[in-house]
Number of protein chains: 4
Amino acid sequence: MNLELATQQLKRLRDDAQTCTGNGKVASYIPELAKEDPCQLGVSICLPDGTILSAGEADKPFTLQSISKIFSLIVALCQNGQQYVFERVGKEPTGDPFNSIIKLETIKPHKPLNPMINAGAIAVAGMIRGKNVQARLDCILDMLRKMTGNPEIQVNHAVYCSEKKTADRNRALAWFLKDSGVLTGDVEETLDLYFQHCSIEVTAKEVARLGMVLAADGIDVYTGDRVFPAEVARICKTFMVTCGMYNASGEFAIDVGIPAKSGVAGGIMATVPQRMGIGVFGPALDEKGNSVSGVNLLESLSKEWNLGIF
Amino acid sequence: MNLELATQQLKRLRDDAQTCTGNGKVASYIPELAKEDPCQLGVSICLPDGTILSAGEADKPFTLQSISKIFSLIVALCQNGQQYVFERVGKEPTGDPFNSIIKLETIKPHKPLNPMINAGAIAVAGMIRGKNVQARLDCILDMLRKMTGNPEIQVNHAVYCSEKKTADRNRALAWFLKDSGVLTGDVEETLDLYFQHCSIEVTAKEVARLGMVLAADGIDVYTGDRVFPAEVARICKTFMVTCGMYNASGEFAIDVGIPAKSGVAGGIMATVPQRMGIGVFGPALDEKGNSVSGVNLLESLSKEWNLGIF
Amino acid sequence: MNLELATQQLKRLRDDAQTCTGNGKVASYIPELAKEDPCQLGVSICLPDGTILSAGEADKPFTLQSISKIFSLIVALCQNGQQYVFERVGKEPTGDPFNSIIKLETIKPHKPLNPMINAGAIAVAGMIRGKNVQARLDCILDMLRKMTGNPEIQVNHAVYCSEKKTADRNRALAWFLKDSGVLTGDVEETLDLYFQHCSIEVTAKEVARLGMVLAADGIDVYTGDRVFPAEVARICKTFMVTCGMYNASGEFAIDVGIPAKSGVAGGIMATVPQRMGIGVFGPALDEKGNSVSGVNLLESLSKEWNLGIF
Amino acid sequence: MNLELATQQLKRLRDDAQTCTGNGKVASYIPELAKEDPCQLGVSICLPDGTILSAGEADKPFTLQSISKIFSLIVALCQNGQQYVFERVGKEPTGDPFNSIIKLETIKPHKPLNPMINAGAIAVAGMIRGKNVQARLDCILDMLRKMTGNPEIQVNHAVYCSEKKTADRNRALAWFLKDSGVLTGDVEETLDLYFQHCSIEVTAKEVARLGMVLAADGIDVYTGDRVFPAEVARICKTFMVTCGMYNASGEFAIDVGIPAKSGVAGGIMATVPQRMGIGVFGPALDEKGNSVSGVNLLESLSKEWNLGIF
């Protein structure tokens, strides 16, 4: 890969994709997110040798939101093993919106269909062990700091508070899970952990590094250290394909073909096995909650560089 | 009506119905209710002149459970008027189990279909005004004390605590309602009020008097006082027909034809317009949550005395 | 009842209600129905002595549509008995639109919740016996001719053809019922019978007479003959309350309180037990499929003459 | 790859997997399928150079059933293009059973979520062009004959008839699609085409060749001819991951990680991009409709030979 040429292409594709930000809207249900400038679009690519290419707002901090579901799942799998985790949360895509509660009632037993919908991610948060909420959060933060090489990674307090105040649907999901025996501990503490890990602040550059660790099957390419088992990386990449882009995952798999996880702050973490991690930040969202320009950019990149796994 | 003959008939029908208690089970999800003897069956009838006929365990205290939904609705209607109440809760039967959450998500706007399902009754509890939970509860208790002539009517504390501990599905419903803007105040306070009014303790004799007030369009036949407007009585009797017996209401309307409301402690309050109030207590429930022997007894009574309204 | 005064009141209430026809729209999914003038409003009342009062377009022919569901149910009950019928169709209101298929899949066993929704009425049509479709239809026509005293009552062929051409959702319901074993005979024949009985043509005056037979528990007040058992009349009146007005039945029960069945051609048949039958024709429909001015008129009539049963 | 060693491994894994056939049951709702011996397990692997390795019942004919959904989709895409096809059928996994009708009603517009569920595949069958059913079927048969090199490939008439007789749920789906405008032509003809293409008879060996064409992005490795565009192959492989194994697709993606499509006759076609096509035949099914021993065998193969794509 000619880095200079690649950077030029990246800039061009980023600028093209940026023109479609007008087709989306920033998330409005979390007031703090509604303040973002919808025209932003940042992208970074991390290569197996650690090289990082960027274009646009790649250093602008934003919150992980649903991208954090991958990292809470990694921690839960490392702490509890696959059997424990998948007895409490399924592996199937749903076809429903991320905050839907219907299948919790219709599916017997009442366990969430997968860890990428809110119900499933709350169930996963409930599996993260530690003597209190801070200690449980630190499990996630420590891993993210190691993976990004940034020891300053932290929760954005304003977003966390904004989220906590407007999270009643998530509370409904959590209490339903408590009723079904999927959540066993203190519900408010688990919700607190969930809101906090959604509010962890990163940049597109950092997300590219996170994606590269997954692309390298759990190895930090900067240090050569294994951060988590290859098996766990494989599980995450599979979920990113089958349910990483909310109820547009199937479409994204066909049109783009790269394992990816989006968040309503406009971030997307994508992972091209063995080849690269990609971080995107574009806060204007489509009606399913994915970054409009981010999806557009990943589709162009996938086609131009032949990144699809299918 | 020959009272002696009527009492004999009542005893006979009660004894016949009592034989089918074996087909049901006491509610087990609230541990305190699981302690009841399933073989009990008490019945009382209150006539327009105040006469009370009884058979079986008519003086055995039990908790109102869902029967309380009628009385919280009466208070909410008296305090807020029809328009306010029915902007927040609908008037339609659902065909779903009483604790179902599905239609809250599928129906737009997200308001409960009627005040007799749990979601609707929690919404109604949220409309009861007062400076704190105790004051709001007192609105219901005061009315029940007046209607029964028993100033001692009170919450059964053990049942209330048992209920509160096992009420996570109701919490899920309440937070969903909060998210949808149907509930506006403090959710835990409203749930607390809801659990308390479900745990109010009465006897079949007292329930017969409650039913007679509704039969007399809101007039207490003992004092001649109007307890609530005739319009409110009419609304309650209608709901008792269309959705008073959980998702067996349609069947009950055809087979028995009397406005009635049941509770999972085994109580049923029935109302024959102008003619009588009926209180039943039979804690063995069918799979939809209605008293097995109570339904059987009301069907026999309705046929023998021609009580159906259709 | 002073007949002159009553007729004056009826005309006034009809004229008042007629002003709200603008809030509705004629059914458009059946092309033949879309041709009606939406401003029409006719009403007739049949009293126990056979007297008929009318106002507006009381002699204008229209098709029964869903009102026919009552009469196919009567025939099915008379031919097969309650046990047979209710093993194949339930007694519960649904809270869903009349053509919904969802509950056929979610409810086990897969039987329609009641005979007033399309799925249930198709199941009922399947129970009507006869050597061919015409013979089965004649069972319904003969009964209607007897009840109205009009031997000319017939299917409107143009509406029947229009209906048949646009009935694919009903075909879907029928094949689902066939798959579930609820329908056992030839599906297309049963659908044909269903479309034909929906297309039977009547006037508001005739519908008032039909309603009076139900009000008199199955007796034709003109001849004194029993047309069907009182038990069957009772069942029909109960269904008219719990699910006669589509998924606005609960609201209608509270606001009007009279057993009634509506059809998408704009007809409503109402029945005040022992007191009167009412026929209404107002083709402008609300979004649930009920005559806008018809519902308005029945509400005024019920209040002015105190006709509610609750 | 040492072919002798590979064949030995394949035999061993096949024999191991064969022991779990007792955990499944042959499909019983299509009587003709119920006659199969549940203990059978055949497997074939086709390599890029055309070599075929086999073990067990690899030459036993069975019907494609849902595996045919891939080939009708290929024909429909080639005849109509992506835009036309995906305006009428979606790209999202559903989380529901393959014959579910619920989402057809709840999703607006009413189009099937993907072409791998029955509703979606019937919609796809409706898009296949030709002057009559036979001509439309020939489009699929011709392609299969070319891909397998077997000009004798044909519909199993007994299975087709059996299927046609027991397909009322599929008829319900088709008429719902007709009502929604997704199906536009003659419904019974399209159903006939659908039943016929489900009943096409193949062997595991042939299925391995079919899978190899997909693995080679649409190239027949025997002749070097392109059978369909690479783009179409990519779309099919993506659907095989997100919804190829009914509502166990997510689990299969995690546990096995190979694009695959199963059928209720016990067949599975799997595709390892660039590396191999795999055909499996094991008629004992799990409760979701997938071959019990087939899934087990593919999981072992994937682990032993590292075939997963994630």
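Just so it is clear: chains get the letters A, B, ... in the order the sequence lines come, proteins before strands, and each one is counted from 1. Values below: all heavy atoms of this structure, side chains included; hydrogens, waters and symmetry mates excluded.
Shortest non-hydrogen contact noted between B:Glu92 and C:Glu251 is OE2-N, 2.8 Å. The shortest non-hydrogen separation linking B:Gly250 to C:Pro93 is CA-CD, 3.9 Å.
With respect to chain B, the highest number of heavy-atom pairs below 4.5 Å among C:Thr106, C:Thr94, C:Thr242 belongs to C:Thr94. With chain B as the partner, the residue from C:Cys243, C:Ala248, C:Gly257, C:Pro259 showing the most heavy-atom pairs under 4.5 Å is C:Ala248. Across C:Ile309, C:Val241, C:Thr271, C:Thr238, the residue that shares the most heavy-atom pairs under 4.5 angstrom with chain B is C:Thr238. Of the residues considered (B:Leu113, B:Asp255, B:Asp217, B:Asn247), B:Asn247 shows the highest number of contacts with chain C, using heavy-atom pairs under 4.5 Å.
Salt bridge status for C:Asp96 with B:Lys103: present, with a side-chain N to carboxylate O gap under 4.0 Å.
From C:Ile254, atom CD1 reaches atom CD1 of B:Ile235 across 6.0 Å, with rounding to the nearest 0.5 Å. Annotation: the span from B:Met240 atom CE to C:Phe310 atom CZ amounts to 11.0 Å, rounded to 0.5 Å.
Atom NZ of C:Lys288 is surrounded by more than 12 heavy atoms from other residues, nucleotides or ligands within 6.0 Å.
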